[in-house]
Amino acid sequence: PPKLNLEALGMQNNLSTQVENGPNKLYCAGLPNILKDQQVKQLFESYGPLRALYLPKDPATDLCRGWAFFQYKDESVSDAAIAGLDGLAVGENKLQVRRAEQKAQDPIGAMSGMTGMGAMMGGVMPGMSGMPGVPGLAPALGGANPALLAAAAANPLAALQNPALLSGLASAAPAAPSKVVSLLQMVTEDDLKDPEEYDEILEDVKTECQNYGNVVSVVIPKPGEVGVGKVFVAYSAVEEAQKAIQNLQGRTFAERVIIAGFFPEDKFQAKDLA
């Protein structure tokens with residue numbers, strides 16, 4: 001039987017924001033931040049009605065953060081949606097769409113003898129596989145609940161599949177633009193225990209980040225130091241830091257998804273890296 005168009009009648013569909021884990025949970029990056037909820041919904045529903053859509057917003061601007069999780073009522077259309085939406089030009093952006101549980105390809109990292117960041121990043125530095133963000137869309141983590149950050153750091157893959165946790169992280173007050181970039185989930189404490197591997201990681205991070213501007217310094221706290229597990233990159237200009245965030249945001253390192261954002265310059269200079 002024909003279905004009523006509830007939205008045309010001014011009634012809201014009960015579209016869930018809780019996207020269930022599974023092979024048909026899809027992830028999209030590269031959404032322009034000017035898009036409204038309804039526009040994103042219509043874009044995805046060109047392949048069929050949605051069962052659920054999680055589209056986080058910047059609490060300061062109420063703008064789309066540039067990425068979403070979604071799932072179709074008819075899960076058989078998932079492949080067609082990925083094929084049609086992935087690489088689709090929307091404004092100046094290109095969408096990147098995949099299954100949320102899909103692991104990053106590791107064509108080189110499996111090669112014997114590879115160590116350090118080259119192996120962690122699937123051996124594809126500087127042409128890393130990833131999901132570039134959109135200007136101004138990096139999650140602001142400076143004011144996030146420490147318990148939420150700890151949970152995300154302890155199990156980043158689970159965090160990325162938990163809308164409640166993601167919502168908590170996204171609700172932090174946005175950090176002001178600065179010359180310093182903070183990168184979470186790029187390294188773990190275990191990655192940094194070996195001095196030689198630490199030096200290699202430090203050099204590889206600097207090499208990669210120089211693709212986006214003049215790197216003044218790279219700080220990676222060692223095990224036992226405040227801020228361990230984070231990477232800090234200082235640029236000579238705010239615009240360079242923003243470019244780095246746009247390019248590193250959402251990329252995959254050792255099956256962890258990078259969270260990039262601005263970090264206060266005064267805290268960086270004071271070595272307050274907590």
Side-chain angles (χ1 to χ4, degrees), residues 1-86 88 90 93 95-103 131 133-134 137-141 144-145 147-149 151-152 154-172 174 185 249-250 252 256-257 259:
K3 297 180 180 179
L4 290 175
N5 186 336
L6 298 180
E7 292 175 354
L9 295 174
M11 302 169 62
Q12 293 294 324
N13 283 325
N14 293 320
L15 182 63
S16 174
T17 59
Q18 301 294 317
V19 186
E20 296 179 359
N21 294 335
N24 291 295
K25 177 178 181 177
L26 306 185
Y27 174 85
C28 176
L31 291 166
N33 63 340
I34 60 172
L35 292 183
K36 305 298 184 184
D37 294 35
Q38 185 61 22
Q39 292 173 311
V40 174
K41 180 174 179 289
Q42 289 176 345
L43 174 67
F44 293 157
E45 287 197 332
S46 57
Y47 291 88
L50 291 177
R51 181 190 305 278
L53 171 64
Y54 177 69
L55 182 67
K57 301 289 189 65
D58 185 317
T61 63
D62 198 38
L63 295 176
C64 162
R65 285 188 178 272
W67 56 272
F69 287 119
F70 61 106
Q71 182 180 27
Y72 289 98
K73 290 183 179 180
D74 180 0
E75 296 179 343
S76 67
V77 306
S78 296
D79 287 333
I82 293 172
L85 293 171
D86 187 46
L88 180 69
V90 179
N93 300 339
L95 301 184
Q96 296 198 27
V97 179
R98 61 172 174 80
R99 283 181 164 80
E101 294 184 350
Q102 178 179 322
K103 296 181 179 180
M131 297 160 286
V134 183
L137 297 181
L141 300 173
N145 185 322
L148 293 177
L149 289 177
N155 194 342
L157 288 179
L160 289 168
Q161 296 169 354
N162 185 334
L165 180 55
L166 285 169
S167 177
L169 289 171
S171 65
Q185 299 182 183
Q249 173 74 319
T252 305
R256 299 188 296 267
V257 178
I259 300 175

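- Nearest heavy atom pair, residue Cys64 against residue Leu55, reads SG-CD1, 3.7 Å.
- Taken from OG1 in Thr61 to CD1 in Ile34, the straight-line distance is 12.5 Å, to the nearest 0.5 Å.
- Note that the CG atom of Leu63 and the CG atom of Leu31 stand 12.5 Å from one another [nearest 0.5 Å].
- The minimum heavy-atom distance linking Gln39 with Lys36 is given by the pair OE1-N, 2.8 Å.
- Partner of Cys28 under the side-chain contact (heavy atoms from CB on, under 4.5 Å) criterion, out of Asp86, Leu53, Leu95: Leu95 alone.
- In this structure, CZ on Phe70 lies 8.0 Å from OG on Ser78, to the nearest 0.5 angstrom.
- In plain terms, the two heavy atoms of Phe69 and Ala100 that are nearest each other are CE2-CB, 3.8 Å.
- Closest heavy-atom contact between Phe44 and Tyr72: O-OH, 2.6 Å.
- For the pair Asp79 and Arg99, the salt-bridge criterion is met [side-chain N within less than 4.0 Å of a carboxylate O].
- Just one of Glu45, Gln42, Gln71 meets the side-chain contact (heavy atoms from CB on, under 4.5 Å) condition when paired with Leu50; it is Glu45.
- Enclosure of atom CD in Glu20 is not indicated, since only 12 or fewer non-hydrogen atoms of other residues, nucleotides or ligands lie within 6.0 angstrom.
- For the pair Leu43 and Ser46, the tightest heavy-atom approach, listed with the atom from each and the gap, is O-OG, 2.7 Å.
- Atoms OH and OH, on Tyr27 and Tyr54 in that order, are 11.5 Å from each other to the nearest 0.5 Å.
- How far CG of Leu15 is from CZ of Arg51: 10.5 Å, rounded to the nearest 0.5 Å.
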